[in-house]
Structures are given as structure tokens and as C-alpha cells.
Amino acid sequence: MTDFMNGFNKVFSLFFCIMLLLTGGINSIFTGEVKNWESQTSVVGLETLTRSQDVTTDGEYFYFSGKTSLQKVSLDGKEIVAINTKALDNELGEKFNSQHIGGISYYNGIIYAACEDSKQWQYPVIALFDADTLEYTGKCFLLPTSLQSRGVPWVAVDGENGVAFTGDSRNYTEIYKFSLEDFSYVETVALSSEVQKIQGGEISDGKLFAGTNDMTRACYTVDLETGEVNKLFDRIMYEYKLIDNFGGEGEGLTLLSMEDGTYIHTLQLGALFIDSSLRHYKYQ
């Protein structure tokens with residue numbers, strides 16, 4: 001048995017090394033000539049599972065969501081400070097059948113997480129987690145399915161103004177504003193042009209900064225007063241319409257001014273889905 005395991009480990013290690021080399025090469029092919037990022041922090045293998053959906057920050061740490069997990073790491077991405085791999089094993093799973101965490105947003109010691117019941121679209125939930133421990137606080141808000149008819153893929157909190165924004169469509173022509181106190185509906189913001197597949201975002205200076213999984217994994221701003229849409233940059237240049245997510249997947253983003261001059265920090269999965277990277281961009 002020992003010989004078998006040693007042999008298996010060698011074969012697996014070789015296979016994994018080959019996959020890493022392929023991933024790097026394939027990612028560069030799909031990326032093409034797009035806006036240059038200043039640096040990036042990447043993970044490969046199992047850790048990709050906990051950094052696969054969205055990212056937010058409190059200014060001291062980055063927080064990542066996986067499909068059923070939350071992770072808190074140092075700003076250099078090297079130290080895992082806290083992790084909750086079973087974030088939905090509670091009331092969220094038992095009462096609302098929550099099976100998927102999407103976008104997240106931080107405010108005042110709380111991680112706001114968009115949780116869905118895996119395409120059943122019955123329970124679009126915003127769940128609150130303690131930012132120190134990443135444990136569920138026991139508090140959540142069920143959004144109206146009359147608005148969120150296709151779940152709740154993301155949430156962006158504007159704490160200073162006491163509101164939050166989200167939406168429910170693959171192809172966005174409008175987004176919704178909710179009161180942060182009880183997530184009651186406030187108003188609809190009509191967009192000047194369609195934005196496809198928003199994955200996550202943050203709010204600054206009256207604008208929603210959004211990361212998408214559209215054909216070029218582009219990032220946008222939306223003026224929350226006028227609805228004016230502006231494309232910031234593409235994350236890949238390769239477009240292929242027959243296979244969904246061909247060439248990797250664009251995830252959400254967060255905002256933080258860092259010493260290297262970067263401000264926009266985007267999360268994306270690699271072309272083979274065995275790695276994820278947090279890229280750091282300047283905002284010009």
C-alpha cells in the first residue's frame with residue numbers, strides 16, 4: 001500500500017505541475033492585450049475553492065467568498081487570518097436551502113453576503129457574517145422575489161448613505177436600491193446601457209464599481225443617480241459564445257487605495273478553473 005501511495009503521489013504531483021504550467025500559458029492566451037495590472041496574488045488547487053466568487057475589504061484585510069465559504073486574508077494575500085468553510089450550515093441552509101454564496105460587501109464589522117438556493121429562485125437572501133470570526137450572526141434578510149426573480153448574485157453596500165444595491169438578471173438594464181437597515185425596497189435605478197452578468201461590486205463617490213463575467217470579463221462604473229454606464233477595462237480579449245465561461249470566469253471586485261497606487265482589485269478564475277487571482281489596478 002505504501003508503494004502504491006508513493007507512486008500515486010508522484011503521478012499526482014507531476015500531473016499537478018503540468019496543469020499549473022498549462023494554466024499559466026492558457027491564461028496568457030486568453031488575456032491578450034488588456035489594461036495592465038500592477039501586480040496579482042494567485043492561488044492554485046484546493047484554495048481556489050475559497051477564493052472563487054467575490055472579494056471585499058475593510059481596509060486592513062481582504063475577504064473572499066467561495067460557493068459555501070468565507071475567507072479572511074492579509075492584504076499581501078499570504079496569511080489566512082480566518083476561514084469558515086461551512087458558512088451555509090445553519091439557518092441559511094436549513095430554512096432557506098441556501099447552497100451558494102455569490103457577491104460580498106463589507107461595512108462596519110459585517111460581511112454582507114448574497115446567498116441563493118441554487119437556481120430554484122425561491123429564497124434570495126442577504127446574510128450577515130461577523131468580519132472577525134466569519135461566523136453567521138443569525139441575521140439575514142429575505143428579498144422580494146417580485147424583484148429578485150432569479151436569485152441574488154451580488155450585493156454592494158453603501159454604508160454612509162444607509163443603502164445597498166443588487167440585481168437579479170444575467171443582462172442588467174436596471175439595479176435595485178434597498179434600505180440597509182431592513183432591506184426594504186427603496187427604488188430602481190435604470191441603466192443607460194445593458195451590463196451583462198454582474199458578479200460583484202463596491203460603491204464609491206456615488207458610483208457602483210462592478211466586475212462582470214461578460215464576454216471580456218469587463219469592469220464598469222454605474223452612476224447611481226443617473227444610471228450612466230461607463231466601461232473601465234476588459235480583463236480578457238478572447239470572445240467565444242458557444243461555451244459559457246470558456247477561458248475562465250470573471251468575478252467581483254473591491255476598492256482600496258494601496259501604497260503602490262492601485263485602487264481597483266479584481267478577482268477572476270483561470271482558464272482551467274484550478275487557480276484564481278486577485279489583480280491590482282490603478283484607477284485612471
Side-chain angles (χ1 to χ4, degrees), residues 22-38 40 42 48 51-55 64-67 100 102-104 114 116 119 121 148-156 165-176 189-202 207-223 227-255 263-284:
L22 286 174
T23 296
I26 291 174
N27 285 348
S28 65
I29 291 172
F30 285 107
T31 297
E33 295 184 5
V34 294
K35 179 178 173 64
N36 291 330
W37 56 90
E38 299 301 310
Q40 69 176 357
S42 300
T48 302
R51 303 190 191 187
S52 63
Q53 299 300 308
D54 195 16
V55 59
F64 295 92
S65 56
K67 288 185 177 181
H100 184 280
I104 56 176
E116 296 182 332
K119 298 184 180 180
W121 318 132
Q148 306 288 150
S149 60
R150 297 190 75 257
V152 54
W154 58 277
V155 61
F165 291 82
T166 187
D168 78 329
S169 176
R170 291 172 65 88
N171 302 312
Y172 289 82
T173 58
E174 60 188 22
I175 58 177
Y176 308 124
V189 178
L191 305 187
S192 63
S193 59
E194 182 180 271
V195 180
Q196 296 183 352
K197 300 182 181 180
I198 296 176
Q199 300 285 79
E202 301 281 19
K207 296 179 180 179
L208 169 68
F209 289 69
T212 76
N213 190 42
D214 66 7
M215 282 298 153
T216 58
R217 293 18 168 198
C219 296
Y220 297 83
T221 60
V222 177
D223 187 300
E228 183 68 27
V229 173
N230 176 59
K231 179 189 278 193
L232 292 173
F233 53 84
D234 297 310
R235 284 185 274 181
I236 69 171
M237 293 303 298
Y238 193 87
E239 297 189 12
Y240 194 74
K241 298 182 179 180
L242 295 181
I243 302 176
D244 197 24
N245 294 337
F246 192 67
E249 185 172 342
E251 306 297 346
L253 57 77
T254 194
L255 306 173
Y263 181 64
I264 302 173
H265 314 281
T266 73
L267 182 67
Q268 43 278 317
L269 291 173
L272 299 180
F273 292 87
I274 63 170
D275 70 302
S276 70
S277 59
L278 184 68
R279 293 177 183 165
H280 309 286
Y281 296 87
K282 291 182 178 180
Y283 178 43
Q284 298 175 338

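Both backbone and side-chain heavy atoms feed into the values below; hydrogens, waters and symmetry mates do not.
- A distance of 7.5 Å separates NE2 in His265 from CG in Leu278, rounded to the nearest 0.5 Å.
- A heavy-atom distance below 4.5 Å is not found between the side chains of Asp275 and Leu269.
- Remark: Gln199 engages Asn213, Glu249, Glu251 in a side-chain contact (heavy atoms from CB on, under 4.5 Å) (not counting sequence neighbours).
- Here His100 pairs with Gln53, Lys67, Glu116 under the side-chain contact (heavy atoms from CB on, under 4.5 Å) rule; sequence neighbours left out.
- For the ring-ring contact (aromatic ring centres under 6.0 Å, His included) test, residues two or more places apart in sequence or in another chain that qualify with Phe209 are Tyr283.
- Summarising the geometry of Gly66 relative to Ser52, their closest heavy-atom pair is CA-OG, 3.6 Å, with the distance given to 0.1 Å.
- When side chains are defined from C-beta on, Thr221 counts as touching Leu232, because their heavy atoms get closer than 4.5 Å.
- Distance check: Arg279 CZ to Gln268 CD gives 4.0 Å after rounding to the nearest 0.5 Å.
- Of the inter-residue distances, the one linking Thr212 atom OG1 with Tyr172 atom OH reads 10.5 Å to the nearest 0.5 angstrom.
- Remark: Lys231 pairs with Asp234 by the salt bridge (charged side-chain N to carboxylate O under 4.0 Å, His left out) rule, at least two apart or across chains.
- Nearest heavy-atom pair across Pro153 and Gly167 is CD-O, 3.1 Å.
- Note that CD of Gln196 is 7.5 Å distant from OH of Tyr220, once rounded to the nearest 0.5 Å.
- The closest donor-acceptor contact from the side chain of Arg51 to the backbone of Phe64 lies at 3.5 Å or more, if one exists at all.
- Contact of the Thr266 side chain with the Phe233 side chain is registered, since non-hydrogen atoms from C-beta on lie closer than 4.5 Å.
- The minimum heavy-atom distance between Ile175 and Leu208, with the atom names listed, is CD1-CD2, 4.0 Å.
- At least one side-chain heavy atom of Thr166 sits less than 4.5 Å from a side-chain heavy atom of Gln148.
- Using a 4.5 Å heavy-atom threshold, the side chains of Leu253 and Tyr281 count as separate.
- The shortest heavy-atom contact between Asp214 and Lys197 is N-CB, 4.3 Å.
- Partners of Ser42 under the side-chain contact (heavy atoms from CB on, under 4.5 Å) rule, at least two apart in sequence or in another chain, are Gln40, Ser277.
- Residues Tyr176 and Asp168 have side chains in contact (heavy-atom distance under 4.5 Å, counting atoms from C-beta outward).
- Under the 3.5 Å distance criterion, the side-chain polar atoms of Ser276 are left unmatched by any main-chain donor or acceptor of Thr48.
- Smallest separation of non-hydrogen atoms from Val189 and Asp223: CG1-O, 4.4 Å.
- Counting heavy atoms from C-beta outward, Trp37 and His280 have side chains that stay 4.5 Å or more apart.
- Between Phe165 and Ile198, the closest side-chain pair of non-hydrogen atoms is not below 4.5 Å.
- The minimum heavy-atom distance linking Ser65 with Gly102 is given by the pair OG-O, 2.9 Å.
- Contacts of Ser192 classified as side-chain contact (heavy atoms from CB on, under 4.5 Å), with partners at least two apart in sequence or in another chain: Glu228, Val229.
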